[in-house]
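See below for the structure under consideration.
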Amino acid sequence: MSFSSQVKAELCRDRIQRRCCAQAEACGVLLYCNRFSPQEVRIVTESDTFARRLPTLFHRAFGLEFDSRGDPDSPKQIFSVTDRQKLSLLWDLCAFDPAGLAHHINFGLMEETHCRQAFLRGAFLAGGSVTDPLKGYHLEFSTSHRSVSRELAALLREAGSAPKEAIRKGNHIVYFKQSEAVEDLLTVIGAPICAMDIMNAKAEKNLRNGVNRRVNCDAANLGKTVDAAMEQRQAIQALRAAGVFDDLSPKLQEAALLREASPELSLSQLADLCDPPVTKSSLSHRLRKLIELSQKLEG
């Protein structure tokens with residue numbers, strides 16, 4: 001089951017109680033379904049839970065039944081209304097344009113917060129989708145009605161959200177790409193469990209990225225340590241080959257012997273092995289001095 005399907009299944013667990021909310025949700029479905037015109041309503045869905053909810057929703061909202069329903073065993077289930085009286089009722093209430101020129105959101109149905117949430121739930125059930133949070137963050141509402149899409153964006157902005165808008169294949173899209181915005185919207189419309197799944201996925205990603213950064217940083221530091229140790233050992237070998245090693249001060253000889261014996265250790269670890277222990281900067285100075293002496297021999 002896709003993550004969008006999980007969200008829709010959770011949304012459909014919300015019981016249909018208030019008639020006003022049922023009407024708002026049904027209008028959201030109609031404005032975001034496959035076809036809503038004065039001649040036909042056509043709702044196509046692959047969600048079994050949404051398909052089971054639709055008859056109850058429309059009966060509660062408008063007191064009407066669908067004129068036909070496709071094969072319940074088909075992957076895509078189709079609900080349609082073709083009766084003129086039913087269509088007239090739906091058009092007057094939900095398309096909110098007696099002239100039949102364009103679709104609009106009937107804001108009169110959404111004076112209460114719970115009705116606005118119900119409208120958003122219906123719009124998402126019919127024309128919404130959300131990306132699996134393990135892959136990314138993207139939630140969108142898609143409709144063929146330009147005015148509806150603009151009005152939905154305005155409705156969301158009034159609620160404090162910041163959606164973006166786009167056009168894709170003739171459809172008008174309102175979308176979010178911020179994880180927090182997706183979480184908030186899913187919680188508002190009735191899918192808090194899926195919102196929590198996004199939070200958990202984000203936390204897991206952050207943890208994994210933090211571990212990867214630390215591993216990469218440790219690897220880079222290890223690489224620098226190895227390169228520095230090789231340069232130091234080459235300098236010590238050059239001093240030995242030139243016969244000047246025994247002329248070095250006891251402190252430089254001690255540093256050289258420790259580096260030769262433990263090429264894998266960091267400066268801090270080598271500094272602790274000195275007798276007596278010295279600071280990291282002191283040992284670093286001694287090893288640089290060895291390199292400088294070997295370079296003078298080459299000159």
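Bear in mind the structure is a predicted one, so any value in this text is a computation, not a measurement.
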Is it the case that the side chain of Ser74 and the backbone of Gln77 share a donor-acceptor pair, with hydrogens and angles ignored and the cut-off at 3.5 Å?
no
Flag, side chain of Asn171 to backbone of Ser142, donor-acceptor distance under 3.5 Å:
no
Quick check for you: to the nearest 0.5 Å, what is the distance between Thr82 atom OG1 and Asp67 atom CG?
4.0 Å
With no hydrogens and no angle check, just 3.5 Å: does a side-chain donor-acceptor pair link Ser88 and Arg84?
no
Please check if the side chain of Thr187 supplies one atom and the backbone of Glu183 the other of a donor-acceptor pair under 3.5 Å.
yes
Can you find a heavy atom in the side chain of Leu152 that is under 4.5 Å from one in the side chain of Leu120?
yes
Sub-4.5 Å side-chain heavy-atom contact between Ser161 and Leu185
no
Strictly distance-based, threshold 3.5 Å: is any side-chain N or O of Glu254 a donor or acceptor partner for the main-chain N or O of Asp275?
yes
Quick check: do His59 and Phe66 have side-chain heavy atoms less than 4.5 Å from each other?
no
When you measure from the side chain of Glu165 to the backbone N and O of Ala153, does any donor-acceptor pair fall under 3.5 Å?
no
Donor-acceptor pair, Arg259 side chain versus Arg233 backbone, under 3.5 Å?
no
Is any side-chain heavy atom of Phe36 less than 4.5 Å from a side-chain heavy atom of Val148?
no
Quick check for you: to the nearest 0.5 Å, what is the distance between Ser47 atom OG and Arg53 atom CZ?
10.5 Å
Side-chain contact, heavy-atom cut-off 4.5 Å: Arg157 with Pro163?
yes
Parallel, tilted or perpendicular: which describes the rings of Phe141 and Tyr32, with under 30° parallel and over 60° perpendicular?
perpendicular
For Arg60 and Glu25, run salt bridge (charged side-chain N to carboxylate O under 4.0 Å, His left out): C-alpha distance rounded to whole Å, both residues' side-chain angles, the deciding distance at 0.1 Å, then the answer.
CA-CA 11 Å; Arg60 177 66 176 136; Glu25 182 178 331; over 6 Å; no
Would you say Leu31 ends up clustered with Ile78 if hydrophobic residues are merged whenever their side chains have heavy atoms under 4.5 Å apart, either directly or through other cluster members?
no
Close side-chain approach of Arg116 and Glu158, heavy atoms under 4.5 Å
no
With side chains defined as the heavy atoms from C-beta onward, is the minimum distance between Leu287 and Leu267 less than 4.5 Å?
yes
Nearest 0.5 Å please: distance from the CD atom of Gln237 over to the CG atom of Leu239.
10.0 Å
What is the minimum heavy-atom distance between Ser37 and Arg35, and which atoms define it?
OG-NH2, 3.4 Å
To the nearest 0.5 Å, what is the distance between CD on Glu112 and SG on Cys20?
7.5 Å
Side-chain donor-acceptor distances from residues 124-137 under 3.5 Å, at least two apart:
from: Thr131; atom 1: OG1; to: His138; atom 2: O; distance (Å): 3.4
from: Asp132; atom 1: OD1; to: Leu134; atom 2: N; distance (Å): 2.9

Between Leu54 and Ile16, is there shared hydrophobic-cluster membership here, with clusters defined by ILVMFWY side-chain heavy atoms closer than 4.5 Å?
yes
If you draw a 6.0 Å radius around NZ in Lys86, do more than 12 non-hydrogen atoms from other residues or ligands fall strictly inside?
yes
Any salt bridge between Glu260 and Arg240, counting N to O under 4.0 Å?
yes
Do Thr143 and Ser149 pair up side chain to side chain, a donor and an acceptor below 3.5 Å, judged on atom types alone?
no
Using a 3.5 Å distance criterion without hydrogens, assess whether the side chain of His114 forms a donor-acceptor pair with backbone atoms of Arg18.
no
Could you walk me through whether Leu90 and Leu64 satisfy the side-chain contact (heavy atoms from CB on, under 4.5 Å) test, starting with their C-alpha distance in whole Å, then the side-chain angles of each, then the deciding distance to 0.1 Å, before giving a yes or no?
CA-CA 10 Å; Leu90 297 178; Leu64 60 78; 4.0 Å; yes
When every non-hydrogen atom of Ala9 is compared with those of Thr49, the smallest separation belongs to CA-OG1, 3.4 Å
If I compare all heavy atoms of Thr56 with all of Arg52, which pair ends up nearest, and what's the gap?
OG1-O, 4.2 Å
Side-chain heavy atoms under 4.5 angstrom apart, residues restricted to Ile, Leu, Val, Met, Phe, Trp, Tyr: same cluster for Leu30 and Leu89?
yes
Quiz question: by atom type and distance under 3.5 Å, do the side chains of Ser281 and Thr279 form a donor-acceptor pair?
yes
Enter the distance from Asp48:CG to Glu46:CD here, rounded to the nearest 0.5 Å.
9.5 Å
Where do Ile193 and Glu10 come nearest, in terms of heavy atoms and distance?
N-OE2, 2.8 Å
Check the pair Leu109, Phe119 against side-chain contact (heavy atoms from CB on, under 4.5 Å), reporting the backbone distance first and the verdict last.
CA-CA 9 Å; Leu109 294 175; Phe119 175 82; over 6 Å; no
Where do Ala166 and Tyr175 come nearest, in terms of heavy atoms and distance?
CB-CE2, 3.9 Å
Kindly say whether Ile291 contributes a backbone atom to a donor-acceptor pair with the side chain of Ser294 at under 3.5 angstrom?
yes
Heavy-atom closest pair (Ser5 atom, Ser2 atom, distance to 0.1 Å) is OG-OG, 2.9 Å
Keeping Arg19 on the side-chain end and Ala61 on the backbone end, is there a donor-acceptor pair under 3.5 Å?
yes
Under the 3.5 angstrom rule, does the side chain of Arg286 hit a backbone N or O of Ala255 as a donor-acceptor pair?
no
Set of disulfide bond (SG atoms under 2.5 Å apart) partners for Cys27, sequence neighbours left out:
Cys94
Leu293 and side-chain contact (heavy atoms from CB on, under 4.5 Å): which partner among Asp247, Val244, Leu252?
Leu252
Between CZ of Arg42 and OG of Ser68, what distance do you get to the nearest 0.5 Å?
8.5 Å
How far apart are the C-alpha atoms of Phe62 and Val81, what are their side-chain angles, what is the distance that settles it, and do they pass the side-chain contact (heavy atoms from CB on, under 4.5 Å) test?
CA-CA 13 Å; Phe62 312 115; Val81 178; over 6 Å; no
Single-linkage hydrophobic cluster, 4.5 Å side-chain cutoff, Leu156 and Ile173 together:
no
Is Met110 linked to Leu57 within one hydrophobic cluster, defined over Ile, Leu, Val, Met, Phe, Trp and Tyr using a side-chain heavy-atom separation of less than 4.5 Å?
yes
Tell me, do Leu257 and Phe245 make a side-chain contact under 4.5 Å, heavy atoms counted?
yes
For Met230, look at atom CE and say whether over 12 heavy atoms of other residues, nucleotides or ligands are found less than 6.0 Å away.
no
I'd like to know whether CZ of Arg69 has more than 12 heavy-atom contacts from other residues, nucleotides or ligands below 6.0 angstrom.
yes
Which is it for Glu151 and Phe107 under the side-chain contact (heavy atoms from CB on, under 4.5 Å) test, yes or no, and what are the steps along the way?
CA-CA 9 Å; Glu151 290 162 3; Phe107 288 98; 4.0 Å; yes
